[in-house]
Amino acid sequence: MTEITLVQAVNRALFDAMRADPDVLLLGEDIGVNGGVFRATEGLIKEFGPERVVDTPLSETGIVGAAIGMALYGLKPVAEIQFLDFIYPAFDQIVSELAKFRYRSGGQYPCHVVIRSPYGGGIKGGLYHSQSAEAYFAHTAGLKVVIPSNPADAKGLLTSAIFDPDPVIFLEPKRIYRAVTGEVPDGDHRVPLGSASIVRPGSDVSVFAYGAMIPPVVEAAKAVQAEGLSAEVIDLRSLVPLDEAAILKSVEKTGRAVIVHEAPRFVGFGAEVAALLAEKALYSLKSPVRRVTGYDTPFPYALENLYLPNAERIAHAIRASAREG
Amino acid sequence: MSQAVELPKPGSPPSDAGGIPPEDLPKVYRAMLLARLMDERCLSLQRQGRIGFYVPLQGQEGAQVACAWALDPSDWLFPAYRELAVALVRGLPLVSLFDQFIGNAGDVLKGRQMPNHYGAREYRFVTASSPVGTQIIHAVGAAMAAQRKKERIVTVTFFGDGTTSSNDFHSGLNFAGVFQAPTIFFCQNNQWAISMPRERQTRSKTLAMKASAYGIEGVVVDGEDVHAVYRAVRDARRKAIAGGGPTLIEAQVYRLGPHSTSDDPKRYRTDAELAEWKARDSVGRVRQELLTSGGLTEESEAKLLESLRAEIAMALKEAEGTAPIDPSTLFDDVFERPTPRLDEERAEFSKFLTEGVLKP
C-alpha cells in the first residue's frame, strides 16, 4: 500500500501495465518529454522510451484513429486526449469506428483501446477546459465509460480498462487529481468494470454520483447526518456497464433517490438512472427522484462555483427528498 | 474535366519493363473480368430487389487488380466500399461476398452492414465503414504497430478523390509522414464524388501533390494502365519495407457507372466525357495486349467468360440458398461479453419472437 494522489495512481497504473505487457503503449499530445500537461505520464518515456510513449501531432482524430489501427494490429494502445473538451474532432473515430468495429465486423476486429481524458470543472477552465461529456459516450453502443473518484479506484479501474478487450472511455476528474491522497494497493490491483461501490452506507436517502462529485456528496451526507438524516452514498464508478443491481438495492432500502453530476441536466446520465428507477423501483419510491446537476448552459468561467453542484445544493436536495412523501 | 497528366491514347503500346510479368497478365485479365461480370450481376440483382443496394466499380478494375497484384498476402488492406476487385485478388470467395450482400447466416459480418462493406480478417482485408476517410488513419496506426512489432509488411488504404477533402486524409498523411509509417495511400481518383467533379474538391493541380506538404512522396499514374499502377505500387512497397516511409499514389481512373444504385450520373455529367474514358478503359487495353501477344484468343475469351459467369451463378445460388441470419445474433459482438443490460434486452427480444409480437 502506498499513499498517493489520483493522478499519481493513474501514472502507477500505466507504469505497471506497460511493465506487465509489452503490447501496451501510450499516445497523445505532450505525454512524453513533458510528461502530460497534468503529469499523468511523468517519467514513463524515460522508463519505456519514445516508441511506447508516443508524442503525436496535435490531432485528436489522428490520435484516436491511429490507436484504433494499432489495436486492430494487436497492440493495446492507451490514448490521452489532453482535455475532454478537445475530444470532439475525434468523435467520428470514436462513434463510427471505435464503438462499432467489433460489431460491424461480426466479431472479427475487436478494438482494444483505452481513451483517457481529464474531465470536469472547478479549475477555472471556462468553456473549453471544464466539460463533462460522459453522456455522449454512454449513449453510444459499444463503448464502456468509466470514471474513478479516488486514487485506489483510479488505479484499479484503469488497470481493468487497459486489459479489457473492449474500448473504454476513461474519464479522470481533474479537479481532484491532487485534492486528496489515498492508499493504493501495489502490484496488479484491479477493480472490475460495472461494479458500483458504497462510499458511505445509509438508510434514509440514496445519493448516486461519480468522479469529482463524490467529495461534495460525502460532505453533504455528513452535514445532514448532524440533522439526523442518514444518506447512503453510492459511487457508480462505471456508467457502462452500469451496476443496476446496486442502484436498485439501495433504493429498495431507502425509498428515496438523489442523483448528482456536474454535466448539464437535460439528457444527462442522471436521466438514465431516474428512468431505471421509474421502470424498476417505482413502487419502492416514497418521494420524487431528484437531480442535482450542472445547469443547461455552456460551462461558465467566472460563475463556475455557482454552476457546479456543491455540498449545500446536494444537502438541500437530500433534505427535500427525505421531507416529502 | 480536369486532366493533370497526359494519359496515353487508347491502343498505345504497353508500358515499359517492370510492369506486370507477362505470365501473370492472363490471370490479371481474368480477375478484371471477374470483377466486371460480378459488378454487372450485382447491379441487376439490386434492380430485381434481390440485394438492397450496390456500389459499382466499373472503370476501376485495372487499377485495383494491378495494385493488389503488387502486394504481399501479409500486407494489411484498409479498403473503402468500392474495392471489389481488390477483394477478389486477395481471395475473398464470391459466395462470401454474396452472403454479405444478402446479409444471410453465412455472412461473417452477421448481416450487420450494407452491401459492399465486407471484410475478412483471414485475408487481412479490414471491414469497411461508410464514413469516408476514417480508414486512412487506421492504416497508419496499423503500420506503426507493425513497425513496433518489427514485422516487414505494409498497410495499404484505398479511397477516392472526394475523400482527399476529409479530416482523416489529413491526419493519416500527417501521422504517416511524422512517423515514417510503411503505408501506401492508394487514391483512385475516379473524377467524381457522387455529383461533384474532382475540381470541386480541391484547387490543387493533382491530388498526389498534396503529399509533398506532408513531406512524403506523391505519384500520379494512369490508373487505366495496369503496368503503370503495378510498378508504382511495387516501388512504393519496396520503399516502405526498406524504411523509406509512405507514398501517396493517385491512380487516375473513371467511374463508368453511378456512385451507387441510388444516383443517376446523367444528371451531373456528359455522355461525351463518359465516351472519352470508355475508350481508355483498362479492361479493353489489357484485352488488346493479350490478343496481340497471343495470350488470349476470341475462342479462349468466350470460354473464359462462360466459366466466370458460371462461377458467379453458382456462388449466387449457394448464397441465396443459405438460411437468413439468426435474429438472436442481434445482441452479439457489441462487447466481448454482453452487459447485464444487453442480456436483459436479448431476453425480452427472444420472448417477443416466441410470442409472435415480433416476426422474423
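Below, each value reflects all heavy atoms present in this structure, side chains not excepted, and no hydrogens, waters or symmetry copies.
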Residues forming a side chain to side chain contact (heavy atoms under 4.5 Å, CB included) with B:Ala105, sequence neighbours excluded
B:Thr322, B:Ala323
Residues at least two apart in sequence or cross-chain that pass side chain to side chain contact (heavy atoms under 4.5 Å, CB included) with B:Pro360, listed by chain then number, are B:Pro327, B:Leu353
Where is the tightest heavy-atom contact between A:Ile63 and B:Phe175, given as atom of each residue plus distance?
N-CZ, 3.6 Å
How close do A:Leu75 and B:Ala145 get, counting heavy atoms only, and between which atoms?
CD1-CB, 3.5 Å
Side chain, backbone, both or neither of [X] within contact of chain B (heavy atoms, under 4.5 Å):
X	answer
A:Leu143	backbone
A:Pro57	both
A:Val240	side chain

May I have a table of the donor-acceptor pairs connecting chain B and chain A at distances under 3.5 Å?
| residue | atom | partner | partner atom | Å |
| --- | --- | --- | --- | --- |
| B:Arg112 | NE | A:Tyr103 | OH | 3.4 |
| B:Arg112 | NH1 | A:Tyr103 | O | 2.9 |
| B:Gly119 | O | A:Gln108 | NE2 | 3.2 |
| B:Arg121 | N | A:Gln108 | OE1 | 2.9 |
| B:Arg121 | NH1 | A:Gln108 | O | 2.8 |
| B:Arg121 | NH2 | A:Leu72 | O | 3.2 |
| B:Thr127 | O | A:Arg104 | NE | 3.4 |
| B:Thr127 | O | A:Arg104 | NH2 | 3.1 |
| B:Ala128 | O | A:Arg104 | NE | 3.3 |
| B:Ser129 | OG | A:Glu97 | OE2 | 2.6 |
| B:Thr134 | O | A:Gln93 | NE2 | 3.2 |
| B:Thr134 | OG1 | A:Glu97 | OE2 | 2.8 |
| B:His138 | NE2 | A:Gln93 | OE1 | 2.7 |
| B:Arg148 | NH2 | A:Pro22 | O | 3.0 |
| B:Glu151 | OE1 | A:Tyr73 | OH | 2.6 |
| B:Asp168 | OD1 | A:Thr61 | OG1 | 2.6 |
| B:Asp168 | OD2 | A:Thr61 | OG1 | 3.4 |
| B:Asp168 | OD2 | A:Gln93 | NE2 | 2.8 |
| B:Leu330 | O | A:Tyr103 | OH | 2.7 |
| B:Asp333 | O | A:Tyr103 | N | 3.3 |
| B:Glu336 | N | A:Asp166 | OD1 | 3.2 |
| B:Glu336 | N | A:Asp166 | OD2 | 3.0 |
| B:Arg341 | NE | A:Glu244 | OE2 | 2.7 |
| B:Arg341 | NH1 | A:Glu272 | OE2 | 3.3 |
| B:Arg341 | NH2 | A:Glu244 | OE2 | 2.8 |
| B:Arg341 | NH2 | A:Glu272 | OE2 | 3.0 |
| B:Glu344 | OE1 | A:Lys280 | NZ | 2.7 |
| B:Glu344 | OE2 | A:Lys280 | NZ | 2.7 |

Side chain, backbone, both or neither: which part of [X] has a heavy atom under 4.5 Å from chain A?
X	answer
B:Ile325	neither
B:Ala128	backbone
B:Val334	both

Under a 4.5 Å cutoff for heavy-atom pairs, which residue among [options] has the most contacts with chain B?
options	result
A:Pro167, A:Ala66, A:Ala99	A:Ala66
A:Pro89, A:Pro165, A:Pro241	A:Pro165
A:Pro77, A:Ala141, A:Pro22, A:Gly142	A:Gly142

Sequence neighbours left out, cut at 3.5 Å: what donor-acceptor pairs do the side chains of residues 241-249 of chain B make with other protein atoms?
| residue | atom | partner | partner atom | Å |
| --- | --- | --- | --- | --- |
| B:Thr247 | OG1 | B:Lys239 | NZ | 2.7 |

What distance separates B:Phe335 CZ from A:Leu193 CG, expressed to the nearest 0.5 Å?
10.0 Å
